[in-house]
Amino acid sequence: MTAPEGPLVIGVDSSTQSTKALVVDAATGDVVARGQAPHTVSPGDRRESDPEEWWQALRTAVGQCGRAASEAAAVSVAGQQHGLVTLDAEGRPVREALLWNDVRSAPQRDRLVAALGGPKAWAERVGSVPAPAFTVTKWAWLREHEPEAARAATAVRLPHDFLTERLTGRGATDRGDASGTGWWSAATESYDEEILELAGLDPALLPPVLGAGEAAGTVREADDGFLTPGTLVATGTGDNMAAALGLGLVPGQAVLSLGTSGTVYTVSTRRPADPTGTVAGFADARTGWLPLACTLNCTLAVDRIAALLSRDREDVEAGGHVTALPFLDGERTPHLPYATGLLTGLQHATTGGQVLQAAYDGAVFTLLRALDLVLAETGEGPGDTPLLLIGGGAKGVAWRETVRRLSGRAVQVPAAGELVALGAAAQAAGLLLGEDPAAVARRWRTAEGPSYEPVARDEEALDRLSAALDGAQPLLGRRS
Ligand SMILES: Nc1ncnc2c1ncn2[C@@H]1O[C@H](COP(=O)(O)OP(=O)(O)O)[C@@H](O)[C@H]1O
Ligand SMILES: O=C(CO)[C@@H](O)[C@H](O)COP(=O)(O)O
């Protein structure tokens with residue numbers, strides 16, 4: 001390997017299933033070392049993970065990068081959004097973190113939405129109508145179901161700022177991830193005291209929200225050698241905000257990310273405020289906005305259906321009229337927290353491969369429907385640049401071909417696979433070099449990769465999926 005041209009920086013992606021770490025040459029964007037360590041998520045209706053495991057996974061993944069990691073001059077941590085981390089006075093988790101895909105807080109969500117005056121009030125004030133994913137609903141759930149745990153919390157954090165604090169010893173968060181809590185107002189760009197009061201959360205438990213380009217601190221002495229004490233630590237951000245940075249995204253470009261969650265988003269200079277709640281009006285990790293829609297059932301749901309059918313995930317077949325809405329664990333987009341999966345149109349002639357293809361179609365359909373609304377929030381047209389396909393699923397041919405067939409758009413798959421970790425690395429490089437991190441990523445050419453021409457949109461499948469969703473609303477919306 002050639003010697004790096006510039007200083008080294010570390011980008012960390014602490015997402016739902018694993019932590020990934022990259023050591024990157026800040027001058028060229030070349031990845032000089034990488035590491036990865038898995039996370040455990042509790043099964044059943046709980047979606048919880050131990051923050052201590054994230055910390056150990058971060059140490060393992062960075063440790064796998066070897067000497068390059070200890071030579072790095074700056075580091076940044078991006079994390080799965082929304083998770084509720086509660087800490088005691090010693091900085092230890094009071095209990096496991098409640099994750100973004102845990103829908104048990106749906107009743108608390110409904111009560112909070114009503115208490116502030118309904119969806120429109122939330123959209124105008126916070127930028128988003130909270131889904132049960134949002135941290136504020138999880139805090140309300142905790143206070144109701146485990147009041148002793150809520151009382152024991154002396155600090156409330158998001159996943160990425162918990163990890164950043166472990167590195168620096170100082171609490172801090174950023175506007176991007178703060179915008180997914182539900183208690184940060186997009187209108188005033190500050191914590192909303194009325195909402196905190198409604199949720200029963202003392203603002204003193206929250207970290208300061210740092211501005212774009214500020215440092216969270218430096219790696220503290222106590223950290224026994226896996227990073228060099230004094231290394232600069234950037235604010236970090238939510239994983240979707242980091243991927244937007246990592247792609248150097250500009251208004252007019254749209255992203256479809258296929259991971260544990262499915263997300264569609266773009267960046268915008270206009271502050272989003274969608275009262276239907278489909279589009280979350282997140283802040284980005286700079287000074288702009290990140291209108292985004294998120295589904296709960298993406299790669300894991302389709303992989304589960306492949307496993308039920310005993311098929312490889314690529315073993316799909318075209319044809320037939322089977323329709324699947326793979327809402328295995330409730331769904332966020334559309335807002336159907338109590339939904340379960342639906343299969344309709346099965347016939348004697350239906351094959352297993354067609355059922356699997358139907359699951360892909362169902363997962364992609366909900367994302368593409370939401371993408372139209374995401375783009376509408378920017379006030380600009382749909383744009384004619386290719387749809388950027390990222391996340392673990394972007395490696396799959398079945399995913400890519402389903403997106404092409406149901407979108408009718410050109411699709412580009414960035415060759416750089418780890419856009420969240422790269423975005424965090426770009427943030428670290430931006431801090432170190434005094435540059436805009438998105439400009440750093442554009443200089444690194446992270447979005448480049450094979451492009452696939454548009455194909456005719458499969459209107460028949462889209463109509464069938466729309467009809468199935470509309471027809472099944474009463475069934476899918478019911479609380480069992
Ligand atoms: N070669 C592949 N083809 C299709 N899907 C893949 C491939 N490799 C990984 N995946 C999918 O990627 C998912 C993980 O994506 P990732 O973006 O890393 O998740 P997260 O960030 O939510 O932890 C897995 O659930 C798996 O289904
Ligand atoms: O809740 C959201 C976005 O609002 C999710 O996108 C989470 O941020 C989790 O991301 P992955 O682990 O699937 O990347």
Side-chain angles (χ1 to χ4, degrees), residues 12-20 36-41 47 49 54 57 61 78-84 97-103 127-135 137-138 158-160 176-177 179-182 237-244 246 255-265 277-283 290-307 312-316 326 331-333 356 359-360 363 367 370 374 389-403 413-414 417-424:
V12 175
D13 169 11
S14 174
S15 288
T16 314
Q17 295 187 50
S18 68
T19 298
K20 298 151 196 161
Q36 182 162 2
H39 300 163
T40 312
V41 178
R47 288 288 181 276
S49 288
W54 298 334
Q80 54 175 303
Q81 290 182 244
H82 311 295
L84 175 72
L98 295 164
L99 305 190
W100 62 278
N101 50 356
D102 188 319
V103 292
S128 309
V129 184
F134 279 51
T135 332
T137 72
K138 301 191 180 299
L158 290 164
H160 101 265
D177 219 4
S179 69
T181 56
T237 191
D239 55 1
N240 291 293
M241 294 79 198
V255 179
L256 195 154
S257 171
L258 301 163
T260 314
S261 62
T263 60
V264 279
Y265 54 90
T278 301
V279 183
F282 295 141
L290 191 87
L292 177 148
C294 174
T295 61
L296 283 188
N297 297 283
C298 193
T299 58
L300 284 182
V302 171
D303 282 355
R304 179 72 189 126
I305 290 169
D312 182 86
R313 63 159 75 96
E314 293 292 356
D315 201 1
V316 291
E331 188 40 75
R332 169 163 158 193
T333 307
L356 181 56
Y360 278 98
L367 283 167
V374 164
L389 201 61
I390 67 165
K395 291 184 240 168
V397 176
W399 278 112
R400 187 187 72 219
E401 291 309 309
T402 305
V403 172
V413 184
E418 299 303 342
L419 272 313
V420 175
L422 268 180

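The structure displayed is predicted, hence computed values, not measured ones. Counting starts at 1 for both ligands and their atoms, in listed order.
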What residues, two or more places apart in sequence or in another chain, satisfy ring-ring contact (aromatic ring centres under 6.0 Å, His included) together with H160? none
Value for NZ (K138) from CG (D102), rounded to nearest 0.5 Å, stands at 5.0 Å
Should we say atom CZ of R304 is surrounded by more than 12 heavy atoms from elsewhere, each under 6.0 Å from it? no
ring-ring contact (aromatic ring centres under 6.0 Å, His included) filter on W100, not counting sequence neighbours, yields none
Show me the short polar-atom pairs for ligand 2: any N or O of it lying under 3.5 Å from a protein N or O, with distances only.
residue	atom	partner	partner atom	Å
ligand 2	1 (O)	H82	NE2	3.3
ligand 2	1 (O)	R332	NH1	2.9
ligand 2	4 (O)	H82	NE2	2.7
ligand 2	4 (O)	R332	NH2	2.7
ligand 2	6 (O)	N240	ND2	3.0
ligand 2	6 (O)	S261	OG	2.8
ligand 2	8 (O)	Q81	N	2.9
ligand 2	8 (O)	D239	OD1	2.7
ligand 2	8 (O)	D239	OD2	3.4
ligand 2	10 (O)	D239	OD2	2.8
ligand 2	10 (O)	S261	OG	3.4
ligand 2	12 (O)	T16	N	3.0
ligand 2	12 (O)	T16	OG1	2.5
ligand 2	13 (O)	S261	N	2.8
ligand 2	13 (O)	S261	OG	2.7
ligand 2	14 (O)	D239	OD2	2.8

Using 30° and 60° as the class limits, which term best fits the ring planes of W399 and Y360: parallel, tilted or perpendicular? perpendicular
H39 side-chain N/O to W54 backbone N/O, donor-acceptor pair under 3.5 Å: no
Please report the interatomic distance CG(L256) to OG1(T263), rounded to the nearest 0.5 Å. 7.0 Å
Lining ligand 1 at under 4.0 Å, by non-hydrogen atom distance, are residues S15, T16, Q17, K20, G259, T260, T299, L300, D303, R313, G391, G392, G393, K395, G396
Between CG of N297 and CD of E331, what distance do you get to the nearest 0.5 Å? 5.0 Å
Knowing that exactly one of I390, V12, D239, N240 qualifies, which makes a side-chain contact (heavy atoms from CB on, under 4.5 Å) with V420? D239
